[in-house]
Protein chains: 2
Amino acid sequence: MTQDPSPARVRLRLVFSPDFALGPGKADLLEGIAETGSIAAAGRRMGMSYKRAWSLVESLNAAFAAPLVARSRGGARGGGAALTEMGERVLAHYRSAQLKAATVAKEDVESLSRLVRIAPQDDQAD
Amino acid sequence: MTQDPSPARVRLRLVFSPDFALGPGKADLLEGIAETGSIAAAGRRMGMSYKRAWSLVESLNAAFAAPLVARSRGGARGGGAALTEMGERVLAHYRSAQLKAATVAKEDVESLSRLVRIAPQDDQAD
DNA sequence: AGGCGATATGTTCCGTCAGACATATCGACT
DNA sequence: AGTCGATATGTCTGACGGAACATATCGCCT
């Protein structure tokens with residue numbers, strides 16, 4: 001049985017205001033920071049300039065009631081960054097919403113994938 | 001009791017390939033064409049230039065196994081456009097996925113909305 | 001035959017955004 | 001004190017995308 005070649009990626013974007021939205025990019029960055037302990041490393045890992053990663057963190061920290069990322073400068077290993085409790089909660093909620101959405105949308109997405117001209121593919125970008 | 005001020009809009013974007021994705025923009029355009037019977041009118045209605053609306057239709061028609069929009073030129077009222085059966089199906093599946101996704105994500109989205117700094121709003125843009 | 005209104009298509013221009021560079025700053029550790 | 005590695009910030013420039021403008025084309029109707 002030829003498994004379905006993973007239909008289409010479902011991207012979820014939560015638009016809170018004209019100025020701020022939370023989508024896959026910021027979510028992945030948060031996850032990267034949690035795992036690497038560094039904004040720069042997280043950015044590099046997803047092929048993003050430090051400046052861009054930093055500005056995303058800025059907007060995230062500004063958008064919520066409390067910062068999502070705690071940053072520290074200097075020190076033995078130069079410094080670093082980590083998710084705050086708020087950061088963990090926000091990321092968890094986003095992932096939860098994303099997972100649920102992808103699950104319930106699966107049927108429709110598969111139907112659509114069967115209607116597209118060329119076979120859908122999947123890379124690990126964005 | 002103060003009703004929740006509509007948390008955040010949930011935007012669903014289905015990425016079929018690096019070159020083609022189906023999101024709210026194209027879906028709304030399809031809907032507009034179905035209702036107005038014209039690419040130009042649908043475009044105007046959503047504040048989009050005719051050129052842009054036309055190019056979106058082009059990409060939609062190219063991406064699927066059959067055209068989603070049937071176009072006619074000339075004639076009594078100049079011409080027009082309408083959804084094909086394929087167009088109806090694609091739009092229906094997208095709306096279905098969108099609705100289901102928004103429904104199951106509701107809880108998480110509301111939780112997130114409670115964590116944002118300023119009250120989320122909702123305009124009818126994009 | 002001429003008009004009308006919509007589709008079809010090209011060109012030009014400009015604002016925005018992202019990437020590339022360049023520094024500055026911080027603080028534990030050697 | 002000096003090093004190191006990460007955060008913090010500014011400037012500049014090139015690419016991309018969209019808006020504006022300009023036509024061309026089509027075919028029913030008067």
Side-chain angles (χ1 to χ4, degrees), chain A residues 13 15 17-26 28-63 66-84 87 125-126, chain B residues 13 15 17-26 28-63 66-84 87 125-126:
Chain A
R13 183 179 174 81
V15 181
S17 85
D19 299 332
F20 179 75
L22 180 57
K26 288 184 185 133
D28 289 350
L29 182 62
L30 283 177
E31 199 166 276
I33 291 172
E35 291 173 9
T36 63
S38 153
I39 295 176
R44 274 196 301 272
R45 205 174 68 164
M46 40 195 304
M48 170 186 302
S49 70
Y50 171 76
K51 178 137 199 185
R52 172 151 182 69
W54 178 84
S55 71
L56 290 181
V57 169
E58 279 288 282
S59 84
L60 281 167
N61 278 353
L68 306 193
V69 177
R71 306 174 283 191
S72 68
R73 283 162 55 145
R77 281 158 40 214
L83 294 197
T84 61
D126 182 64
Chain B
R13 183 178 174 83
V15 181
S17 84
D19 298 332
F20 180 75
L22 179 57
K26 288 183 186 135
D28 288 351
L29 182 62
L30 284 177
E31 199 167 276
I33 291 172
E35 290 173 8
T36 63
S38 154
I39 295 175
R44 275 195 301 272
R45 206 174 67 163
M46 38 194 307
M48 169 187 302
S49 70
Y50 170 75
K51 178 135 198 187
R52 171 148 182 72
W54 178 84
S55 71
L56 290 181
V57 169
E58 280 287 283
S59 84
L60 281 167
N61 278 354
L68 307 193
V69 177
R71 305 174 286 194
S72 69
R73 282 163 57 144
R77 283 160 35 213
L83 294 198
T84 61
D126 180 66

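Numbered from 1 within each chain, the chains take letters A, B, ... in sequence-line order. Basis for what follows: all heavy atoms, side chains included, without hydrogens, waters or symmetry-related copies.
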Between [options], which nucleotide has the shortest distance from any of its atoms to the side chain of [X]?
X	options	answer
A:Arg52	D:dT25, C:dA18, C:dT9	C:dA18
B:Ala81	C:dT7, C:dA8, D:dT9	C:dT7
B:Ile39	D:dG18, C:dT7, C:dC26	C:dT7

**Study point:** Spatial distance of atom CG (A:Leu60) from atom CD1 (A:Ile33) [nearest 0.5 Å]
**Key:**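 Separation between the atoms: 8.0 Å.
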Check your understanding: Ignoring hydrogens and angles, does a donor from either the side chain of A:Lys51 or the base of D:dG10 sit under 3.5 Å from an acceptor on the other?
Key ->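 Answer is yes: a donor-acceptor pair is held.
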Review point. Could one point to a donor on the side chain of A:Arg71 or the base of D:dT7 with an acceptor on the other under 3.5 Å away?
Key: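 No, the side chain and the base share no sub-3.5 Å donor-acceptor pair.
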Check your understanding: Does A:Ser49 or A:Ala76 map to a spot on DNA chain C nearer the 5' end, using the closest nucleotide for each?
Key ->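 Going by which nucleotide is closer to the 5' end, it is A:Ser49.
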Check your understanding: Which sits closer to the 5' end of DNA chain C, B:Tyr50 or A:Gly75, going by the nucleotide each is nearest to?
Key ->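 Nearest nucleotide further toward 5': that of B:Tyr50.
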Practice item. Kindly indicate whether the side chain of B:Ile39, heavy atoms from C-beta on, has any atom under 4.5 Å from the side chain of B:Leu29. Key: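 When only atoms from C-beta onward are counted, B:Leu29 and B:Ile39 do not touch, as no gap falls below 4.5 Å.
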Review point. Does B:Val57 reach the side chain of B:Arg71, with side-chain heavy atoms less than 4.5 Å apart?
Key: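 A side-chain contact exists here, since the closest heavy-atom pair is under 4.5 Å.
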Exercise for review: Would you mind classifying the nucleic acid contact of B:Gly78 as base, sugar-phosphate or nothing, using non-hydrogen atoms under 4.0 angstrom?
Suggested key: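 Touches a base.
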Practice item. Would you mind telling me which of A:Thr84, A:Leu30, A:Leu56 makes a side chain to side chain contact (heavy atoms under 4.5 Å, CB included) with A:Val69? Key: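 Answer to the side chain to side chain contact (heavy atoms under 4.5 Å, CB included) test with A:Val69 among A:Thr84, A:Leu30, A:Leu56: A:Leu30.
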Check your understanding: Would you say B:Trp54 reaches C:dT7's phosphate, i.e. side-chain N/O to OP1/OP2 under 4.0 Å?
Key ->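 No, B:Trp54 has no side-chain N/O under 4.0 Å of OP1/OP2 on C:dT7.
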Exercise for review: Give a yes/no answer on whether the side chain of A:Ser38 brings an N or O atom under 4.0 Å of OP1 or OP2 in D:dT7.
Suggested key: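 The answer is yes; a side-chain N or O of A:Ser38 sits under 4.0 Å from OP1 or OP2.
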Practice item. Round to the nearest Å and state the distance from A:Arg44 atom CZ to C:dG19 atom P. Key: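 A:Arg44 atom CZ is separated from C:dG19 atom P by 16 Å.
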**Study point:** Residue met sooner reading DNA chain D from 5', once A:Arg73 and A:Arg77 are mapped to nucleotides
**Key:**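 Whichever sits nearer the 5' end wins; that is A:Arg77.
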